[in-house]
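Given the structure is predicted, the values throughout are model-derived calculations rather than measurements.
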Amino acid sequence: MSEESTTTTSATAAKDMADLAHLNLQAQLDKAHEELKLKEEEVNKLMRMRDQVGLELQDLTASLFEEAHRMVRVANEQRFAAEKRATEAKGRVRFPLKFKTATGN
């Protein structure tokens, strides 16, 4: 083999190796891009889920406070009605006692 032929063969082999390395790196890069795309989709999905859960939590919190306020209002109304009935009952009991005392019975 001549020196020129050996140099050409070595150059071709080096170019083939460089092309192979380039293809390998390109495949790795493509795979990394695909993985990144999948991760971005997953992150976006999780962010939408987080936002949805946040909205549901706000709705539940508002409902809880509304129910608590309603329960307090109902309890206050019932207490007021009970106090009113107690006051009226005391008045009915006192009136007959005053009437009995006044009539002497």
Side-chain angles (χ1 to χ4, degrees):
M1 217 191 256
S2 70
E3 193 175 308
E4 184 179 312
S5 174
T6 305
T7 304
T8 303
T9 305
S10 295
T12 302
K15 183 176 183 327
D16 289 345
M17 287 178 58
D19 289 344
L20 185 60
H22 178 264
L23 289 174
N24 186 25
L25 289 172
Q26 186 63 47
Q28 290 178 6
L29 181 60
D30 292 343
K31 183 180 177 185
H33 279 130
E34 185 62 29
E35 289 175 0
L36 181 59
K37 181 181 174 186
L38 293 173
K39 292 291 182 187
E40 284 179 15
E41 289 172 0
E42 185 177 352
V43 166
N44 289 335
K45 178 183 174 184
L46 291 172
M47 288 173 60
R48 284 190 304 273
M49 289 172 64
R50 180 202 61 201
D51 293 344
Q52 182 63 33
V53 167
L55 291 174
E56 289 176 14
L57 181 60
Q58 286 178 349
D59 288 346
L60 289 172
T61 301
S63 295
L64 177 65
F65 277 102
E66 288 171 6
E67 181 64 16
H69 286 287
R70 186 193 67 75
M71 291 171 70
V72 168
R73 187 188 76 245
V74 168
N76 285 339
E77 290 170 355
Q78 290 173 345
R79 188 194 63 190
F80 176 75
E83 289 174 354
K84 183 177 178 184
R85 286 190 305 270
T87 302
E88 290 171 353
K90 285 179 186 176
R92 284 191 300 264
V93 169
R94 286 186 188 143
F95 178 72
L97 290 177
K98 288 181 184 177
F99 183 73
K100 280 184 179 183
T101 307
T103 58
N105 293 334

TODO: Establish, from distance only, whether the side-chain atoms of Gln26 and Asp30 form a donor-acceptor pair under 3.5 Å.
DONE: yes

- [ ] May I ask you to decide whether Glu66 forms a salt bridge with Arg70, counting only side-chain N to carboxylate O separations under 4.0 Å?
- [x] no

Task: Gap separating the CG atom of Asp59 from the CG atom of Leu64, nearest 0.5 angstrom - done: 12.5 Å

Task: side chain to side chain contact (heavy atoms under 4.5 Å, CB included) partner of Arg73, the single match among Glu77, Met71, His69 - done: Glu77

TODO: Before accepting this row, confirm whether a basic side-chain N of the pair Glu41/Lys45 lies closer than 4.0 Å to the acidic partner's carboxylate O.
DONE: no

Task: Candidates Glu56, Arg48, Arg50 - the one meeting side chain to side chain donor-acceptor pair (under 3.5 Å) with Gln52 - done: Glu56

Open item on the list: Looking at Asn24 and Leu20, would you say the former's side chain and the latter's main chain have a donor-acceptor pair under 3.5 Å?
Closed with: no

- [ ] Would you confirm whether His22, through its side chain, and Ala18, through its main-chain N or O, come within 3.5 Å as a donor-acceptor pair?
- [x] no

